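One structure below.
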Amino acid sequence: MDRILEIAFDAIGPIIMAGITVTIPLALLSFIFGMIFAIVTALARISKSKLLNGIFYVYVWLFRGTPLLVQLFIVYFGLPKIGIQFNTWTAAILTFSLNTGAYASETIRSAILSIPKGQWEAAQSLGMTRTQVLKRIIGPQAFRVSLPPLFNSFIGLVKDTSLASNVTMVEMFMVSQRIAARTYEPLLLYVLVALVYLVMCTLLNIIQDKMETRLQRYSI
């Protein structure tokens, strides 16, 4: 028991440090870029341009229809075969961003389409352009509708960053793997890193609840 406790105490520091320096920045950057992809994709999907709609439909279809791990392997291990090479951080952020963007775009698109068409028509009858209607009327309402599922996507992304260990990124799971290989205590280390993920996601859930409560004050 003393050995188990000693290993756990020695391991918790490096695991948490990897979470602070790698896992959280990776998740945040990927989510930010993913939201950019998502907004552009959602707007393209609701536009009147069949060409744009078709292009972004294929993007969403590809990334929602294939496993994230396979996408990561294609970007990091596959693309160098055709002369396109990324370092670990770039490959991970690019893959997670594109994957998040594909899923989140459908959330945003559905939120926009959930707003009654009468509001579009009323705003346009007042002389507003389509862009102004989106920015001033539809966008804020769509944001409130899409916040819970988008925040859930972020929480899921935090957990999905563990897949980056497969492309040699030294995040929390990779650190636990290395310590487990050295100490021959895989159960202890994997349970320990799982608990760290659990604490992080619980804190994010608390933040989500507070944000939703605050936004409800402005609901009609």
Side-chain angles (χ1 to χ4, degrees), residues 10-42 59-60 62-80 84-108 146-182 186 189-211:
D10 289 342
I12 192 65
I15 290 175
I16 292 176
M17 184 57 64
I20 294 172
T21 59
V22 180
T23 298
I24 293 176
L26 176 60
L28 284 173
L29 288 171
S30 299
F31 191 73
I32 291 169
F33 288 119
M35 285 303 98
I36 295 173
F37 289 133
I39 292 170
V40 171
T41 301
Y59 155 59
V60 173
L62 282 174
F63 279 87
R64 292 183 72 193
T66 54
L68 177 55
L69 182 59
V70 174
Q71 296 165 14
L72 193 59
F73 271 52
I74 289 173
V75 172
Y76 188 74
F77 296 113
L79 291 183
I84 303 173
Q85 190 162 1
F86 299 107
N87 61 37
T88 304
W89 270 93
T90 304
I93 291 173
L94 179 61
T95 306
F96 290 138
S97 298
L98 287 170
N99 184 273
T100 299
Y103 280 94
S105 69
E106 289 299 280
T107 299
I108 295 172
S146 62
L147 177 64
L150 288 178
F151 214 103
N152 287 335
S153 295
F154 178 65
I155 293 172
L157 177 60
V158 171
K159 293 180 287 185
D160 286 340
T161 56
S162 61
L163 295 175
S165 63
N166 290 282
V167 293
T168 70
M169 178 167 278
V170 187
E171 42 68 65
M172 291 199 303
F173 186 55
M174 171 68 84
V175 170
S176 69
Q177 285 180 307
R178 289 181 173 180
I179 299 174
R182 188 173 67 247
L189 270 301
Y190 296 153
V191 168
L192 190 61
V193 74
L195 290 173
V196 175
Y197 276 112
L198 182 62
V199 170
M200 289 172 61
C201 292
T202 300
L203 292 174
L204 289 172
N205 278 319
I206 293 172
I207 294 171
Q208 178 183 0
D209 290 340
K210 290 185 178 298
M211 289 180 67

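Computed from a predicted structure; not experimentally measured.
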Considering only heavy atoms from C-beta outward, does the side chain of Gln208 approach that of Ile155 to under 4.5 Å? yes

What distance do Glu106 atom CD and Ser146 atom OG have between them, rounded to the nearest 0.5 Å? 13.0 Å

Under 3.5 Å: donor-acceptor pair, side chain of Tyr59, backbone of Leu98: yes

Report the C-alpha separation of Val158 and Met200 in whole Å, then their side-chain angles, then the decisive distance to 0.1 Å, and conclude whether the side chain to side chain contact (heavy atoms under 4.5 Å, CB included) test is met. CA-CA 9 Å; Val158 171; Met200 289 172 61; 3.8 Å; yes

Between Glu171 and Ala164 the two heavy atoms that sit nearest each other are CG-CB, 4.4 Å

Atom CD1 of Ile93 and atom CD1 of Ile32: how far apart are they, to the nearest 0.5 Å? 10.0 Å

Phe154 to Ala27 - nearest heavy-atom pair and separation: CE1-O, 3.8 Å

Give the C-alpha distance, both sets of side-chain angles, the deciding distance and a yes or no for side chain to side chain contact (heavy atoms under 4.5 Å, CB included) between Leu150 and Ile108. CA-CA 8 Å; Leu150 288 178; Ile108 295 172; 4.2 Å; yes

Close side-chain approach of Val196 to Ile12, heavy-atom, < 4.5 Å: yes

For Met172 and Ile15, work out which heavy atoms get closest and say how close. CG-O, 3.3 Å

Separation between CG (Asn152) and CG (Leu204), nearest 0.5 Å, reads 10.5 Å

Nearest heavy-atom contact between Leu68 and Phe96 is CD2-CE2, 3.7 Å

Please step through side chain to side chain contact (heavy atoms under 4.5 Å, CB included) for the pair Phe173 and Tyr190, ending with a clear verdict. CA-CA 8 Å; Phe173 186 55; Tyr190 296 153; 4.0 Å; yes

List the atom of Ser30, the atom of Ser97, and the distance in Å for their closest heavy-atom pair. O-OG, 3.2 Å

Is the backbone of Cys201 close enough, under 3.5 Å, to the side chain of Asn205 for a donor and an acceptor to pair up by distance? yes

If only atom types and distance count, is the side chain of Gln71 paired as donor or acceptor with the main-chain N or O of Ile74 below 3.5 Å? no

What heavy-atom pair brings Leu192 and Ala11 nearest, and what distance separates the two atoms? CD2-CB, 4.0 Å

When you measure from the side chain of Thr95 to the backbone of Ala92, do you find a donor-acceptor pair of N or O atoms at a distance under 3.5 Å? no

Got a second to check how far Ser153's OG is from Leu157's CG, nearest 0.5 Å? 8.5 Å

Quick check: does any side chain N or O of Thr90 sit under 3.5 Å from a backbone N or O of Phe86, one acting as donor and the other as acceptor? no

Side-chain donor or acceptor of Asn166 paired with backbone N/O of Leu163 under 3.5 Å: yes

How long is the gap from CG on Asn99 to CZ on Arg64, to the nearest 0.5 Å? 10.0 Å

Output for pair (Arg182 CZ, Asp10 CG), nearest 0.5 Å, gives 8.5 Å

Have a look at Trp89 and tell me which of Val167, Leu26, Leu94 forms a side chain to side chain contact (heavy atoms under 4.5 Å, CB included) with it. Leu26

If you count every heavy atom of other residues, nucleotides or ligands that lies below 6.0 Å from Phe151 atom CZ, does the total exceed 12? yes

Can you check side chain to side chain contact (heavy atoms under 4.5 Å, CB included) on Tyr197 and Thr161, steps first, answer last? CA-CA 11 Å; Tyr197 276 112; Thr161 56; 4.3 Å; yes

